Amino acid sequence: MFEPKIVVFACNWCTYAAVDLAGTSRISYPPNVRVIRVMCSGRVDPQFVLEAFKNGADGVIVAGCHPPVDCHYTNGNIKALRRFTLFRRLLNDLGIEQERFRLEWISASEADKWVKVVSEMVEDVRKLGPFKPKLGVKEV
Amino acid sequence: MSEEPRIGVYVCHCGLNIAATVDVKAVVEYAKSLPNVIISRDYVFMCSTPGQDLIRDDIKNYKLNRIVVAACSPSMHEPTFRATLESVNLNKYLLEMANIREHCSWVHSDKKVATEKAKDLVRMAVAKARLLEPLEEQEYVAQQSVLVLGGGVAGMRASLDLASWGFDVYLIEKSPTLGGRTALTGWLRHDRRGAEVVKAMIKEIARNGKIHVFTNSELIDLSGFPGNFAAKIKINPRYVNERCTLCGECELECPVEVLNEYEYGLNRRKAIYIPFRNSYPQFYVIDPRVCVKCGECVKACRYNAINLNEKEATLDLKVGAIIIATGYDPYRPVRGEYGYGLHENIVTLFQLERLLDPEGPTHGELIIGGKVPKSIAFILCVGSRGTTPNAKSYCSRMCCTSTLMNTIKIKERYPETDVFVFYKDITTYGNDESLYEEAGGKLVKFVKFEEVPVVDVGPEGLYIDVKEVTIQEDIRIPVDAVILSTGMVPRRDQSDMLSVTRASCSPDGFIREAHLKLRPVEAPSAGIYLAGAVAGPKNIIESIRMGSAAASKVATLLSQGKVKAEPLVARVNEERCSGCKVCVGVCPYRAISMIEVNGRSVAHVESALCMGCGTCSAACPSGAMQHLGFKDNQIVAQVVAVTGGGSV
């Protein structure tokens, strides 16, 4: 069976802590995710997401604290929301299926939500199959 | 980079926490194959002293200059291993952790799968470690002075504590007097009144040379960073100076009368007035919003204490920290809510406290609607706990206790009065539980409701209609007066202060703590602290405690005479910066400004203000803004390493 590789950009304060909590609570979830820690979801440059797809990721999740007010940095999550709302519109043009990208709000206590998001994402991407760029995302 | 990375990789067993699910030896062997890895080892507990010694020895013996620890979450032991590096003079920011416990061994049971994932995580960490740079914490001189906003009990307590440690305190109060809401609070436990507590604190402040009080004043601008804030204060004119002897001649002549907000509208005051007995400073004050400048008071004043042409002044201060202690407003029911505003015998708890106060408008006589009521109904949770459509969702915390305190006072002074308390739930938490028992002993009648009671304002008088929970019957009780036990809401007039201090609010409008449990007296912006009900409903004791707590946090920040700033901040490559100012707009801390360098306008980050979120880095279109510790190339290296594309 195809095992997708999912890259996750997780904010240090909420989502990274939720992934930690899933660990301390010993809740198992699909092993297909690799978490990259950033201080805020607002740190995630859409270029990083493109880099991930370019290098062979099958799916990408950007995750941070719940809007509007949970953000450790006042409103970095809102900035992430704005950026990725725009970015999502470009996905089709770039030949990336919408289902391969998710923006999620997962608080430090929501280990269960983390597990749900990962499980759904892996299933969704598995159905799509390996990411094969139709346009110019993959570098020649 | 000047020197070639020499990386040591340390894989922790964490007892069996990792080793039971991850083939640690295989990960160690794999790490050896990664570029720039000089040595790779495993150990049963890497965070133990022998584990750390292992790392220390290798740094010395193998001249390692980057360390990767594959173990638990960085939130657990990053500080530990940073200290390990520091102890052998390796810059502590040359450490990267791979979380193979929380993110791997604890959530995946298949050893093969977990081992492969652990290898990936180590590969990612090594890829980032190769690009890490040494970073230095910056040090700044800390001003030995503090700005305290709000002259209520929380602000006064904080000021007194700070002054006792030798800090200069600028106590800024927007209204004409110190004292805050507590000055208007009636009886507290042990036969004390709010006014007496306030009076005692004011006395101490008045004789304390370290505390500089500015009433009628507000903060209008703030810049700088922890240890070094520049604050601009606007001092509004009082129109009456210290020559005032409180003789009261001016007040007699003043033709303007308005509702007295210090008595919660129970009586009227003149445009020239004293807020309340024992208000401070003890001079009359003119309310410019209603004064018609007729000059009668000037003519009446024998001491030349009044100047109607007094202008506002500004004051520039340098302070090391700020405490926000601006308090709350009482909830004001809307007209018709439990009959409020429809009958003069329906008053709020805040008004009742003034009526029972010897210094209040009736000199402590419980006179409502012209006479002493023979029966009184208190209704709890008015405006709180979502009881009515416009009520706040939260519990205001102090209304139950305050209600019972007042029922006891009424029963002591007027034993014949029938007192009812209509409640949804009742909690006089902590030591105040004795008040509940005491009120019960004095035959205060408690009536529990599910559906909120209806106050029927009939032609013959007031009735409470309610379905009592335990007997499940509709009852109708005639009463002479109704007291609405109202709670606390955020101040209506705090938006200017919020924008100046960049403090942010929770959805209910109170100022948010940086973290309710881990940083409970700090605002999210560094160097700014919170005290009292500005951060949510609190009773007087809790507000005073929070004032002391905020003061001690300020002292912790400033007492060394210098402040350190984390180096994980944004830095500009001035050559690359195009001067587009995108970063200036996204920064939540106003840490970025534009400066001239060689005739070009480029971005500049004030490191001490930068909290290290990195949103400017993400926004910068030219890659000129880099988040140290999370630079573009470092994150991309992790991405490339994990996806396996290209060469690392």
Side-chain angles (χ1 to χ4, degrees), chain A residues 3 5 7 9-13 16-17 19-58 60 68-80 82-83 115 118 138-139, chain B residues 17 72-76 97 99 101-110 113-114 116-117 120-121 123-124 128 502-507 512 514-515 524-525 568 586-589 611-620 623 627 629-630 632 635-646:
Chain A
E3 289 296 344
K5 193 164 253 190
V7 176
F9 296 95
C11 97
N12 182 57
W13 307 99
Y16 194 91
V19 187
D20 277 356
L21 181 62
T24 42
S25 316
R26 312 294 205 276
I27 313 174
S28 73
Y29 52 84
N32 310 55
V33 280
R34 303 288 182 269
V35 175
I36 294 175
R37 183 168 73 113
V38 285
M39 294 313 277
C40 180
S41 55
R43 168 68 186 101
V44 186
D45 190 326
Q47 299 254 24
F48 300 161
V49 179
L50 290 177
E51 283 288 340
F53 282 119
K54 193 173 91 180
N55 287 289
D58 301 302
V60 175
V69 296
D70 270 5
C71 179
H72 187 82
Y73 303 101
T74 312
N75 53 18
N77 52 357
I78 304 289
K79 283 150 194 160
R82 286 189 189 147
R83 274 180 206 138
V115 171
V118 170
K138 196 130 194 171
E139 209 171 33
Chain B
N17 281 304
C72 52
S73 170
S75 69
M76 184 109 191
M97 289 189 74
N99 188 346
R101 191 179 75 172
E102 280 86 345
H103 289 202
C104 188
S105 70
W106 273 350
V107 289
H108 307 312
S109 49
D110 183 323
V113 166
E116 284 310 304
K117 183 168 174 182
D120 276 9
L121 296 179
R123 187 170 70 245
M124 290 159 74
K128 185 174 178 188
R502 304 185 290 285
S504 57
C505 292
S506 60
R512 213 152 49 103
H515 190 289
S525 302
L568 299 175
V586 294
C587 177
Y589 305 101
M611 295 289 112
C613 64
T615 193
C616 55
S617 297
C620 179
H627 184 198
F630 296 88
D632 287 352
I635 295 176
V636 168
Q638 283 177 289
V639 171
V640 172
V642 66
T643 47

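The figures that follow rest on heavy atoms only: side chains count, while hydrogens, waters and symmetry mates do not. Just so it is clear: chains get the letters A, B, ... in the order the sequence lines come, proteins before strands, and each one is counted from 1. What you are looking at is a predicted structure, and each value in this text was computed from that prediction instead of being measured.
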* Asked: Looking at B:P74, B:C72, B:G612, B:G629, which makes the most heavy-atom pairs under 4.5 Å with chain A?
  -> B:P74
* Asked: Say you draw a straight line from CD of B:Q638 to CZ of A:F9; how long is it, rounded to the nearest 0.5 Å?
  -> 8.5 Å
* Considering only heavy atoms, which portion of B:H103 lies under 4.5 Å from any heavy atom of chain A: side chain, backbone, both, or neither? -> both
* To do: Measure distances from B:C505 to the heavy atoms of chain A and classify the residue's part below 4.5 Å as side chain, backbone, both or neither.
  => backbone
* Give a yes or no on whether the backbone of A:V33 and the side-chain of B:K117 come within a donor-acceptor separation of less than 3.5 Å. => yes
* Name the member of B:A514, B:A619, B:S109, B:P507 that forms the most heavy-atom pairs with chain A at distances under 4.5 Å. => B:A619
* Asked: Which heavy atom of A:R43 sits nearest a heavy atom of B:S617, and at what distance?
  -> NH1-CB, 3.3 Å
* Structure fact -> The reported gap from CD1 in B:I635 to CD in A:E51 (rounded to nearest 0.5 angstrom) is 11.5 Å
* Engaged part of B:M124 at the chain A interface, taking heavy atoms whose separation is under 4.5 Å -> side chain
* Structure fact -> Distance col, row A:C40:SG vs B:H627:NE2, nearest 0.5 angstrom, shows 9.0 Å
* Structure fact -> side-chain contact (heavy atoms from CB on, under 4.5 Å) filter on B:V107, not counting sequence neighbours, yields A:Y29
* CZ of B:F630 to CE of A:M39: how many Å apart, nearest 0.5 Å? -> 5.0 Å
* Asked: Counting heavy atoms not belonging to A:R82, are there more than 12 under 6.0 Å from its CZ?
  -> no
* Asked: Between A:L21, A:V7, A:V35, which residue shows the highest count of heavy-atom pairs closer than 4.5 Å to chain B?
  -> A:V35
* Would you mind checking which part of A:V44 comes under 4.5 Å of any heavy atom in chain B, side chain (CB onward), backbone (N, CA, C, O), both or neither? => backbone
* To do: Rounded to the nearest 0.5 Å, what's the gap from CD on B:E102 to CZ on A:R26? Could you check?
  => 8.5 Å
* **Spatial distance of atom CG (A:N12) from atom OG (B:S73) [nearest 0.5 Å]** => 8.0 Å
* To do: Spell out, as yes or no, whether a donor-acceptor pair under 3.5 Å connects the side chain of A:R34 to the backbone of B:D120.
  => no
* Asked: Where does A:C11 contact chain B at under 4.5 Å (heavy atoms): side chain, backbone, both or neither?
  -> neither
* Asked: Can you say whether A:P68 sits under 4.5 Å from chain B via the side chain, the backbone, both, or neither, judging by heavy atoms?
  -> neither
* What part of B:R512 gets closer than 4.5 Å to chain A, counting heavy atoms only: side chain, backbone, both or neither? -> side chain
* Asked: Would you say A:Q47 and B:D632 make side-chain contact, with heavy atoms under 4.5 Å?
  -> no
* To do: Output the option from A:S41, A:A80, A:G42, A:A52 having the highest count of non-hydrogen pairs under 4.5 Å with chain B.
  => A:G42
* Structure fact -> The interface call for B:V113 against chain A, heavy-atom contacts under 4.5 Å, is side chain
* Structure fact -> For A:T74, the side-chain contact (heavy atoms from CB on, under 4.5 Å) test, sequence neighbours excluded, returns B:S504, B:P588, B:Y589
* **Donor-acceptor side-chain pairing of A:R83 and B:T615 below 3.5 angstrom** => yes
* Asked: Less than 4.5 Å apart, any side-chain heavy atom of B:S75 and any of A:Y16?
  -> no
* Proximity breakdown for B:A114 and chain A, heavy-atom pairs closer than 4.5 Å -> neither
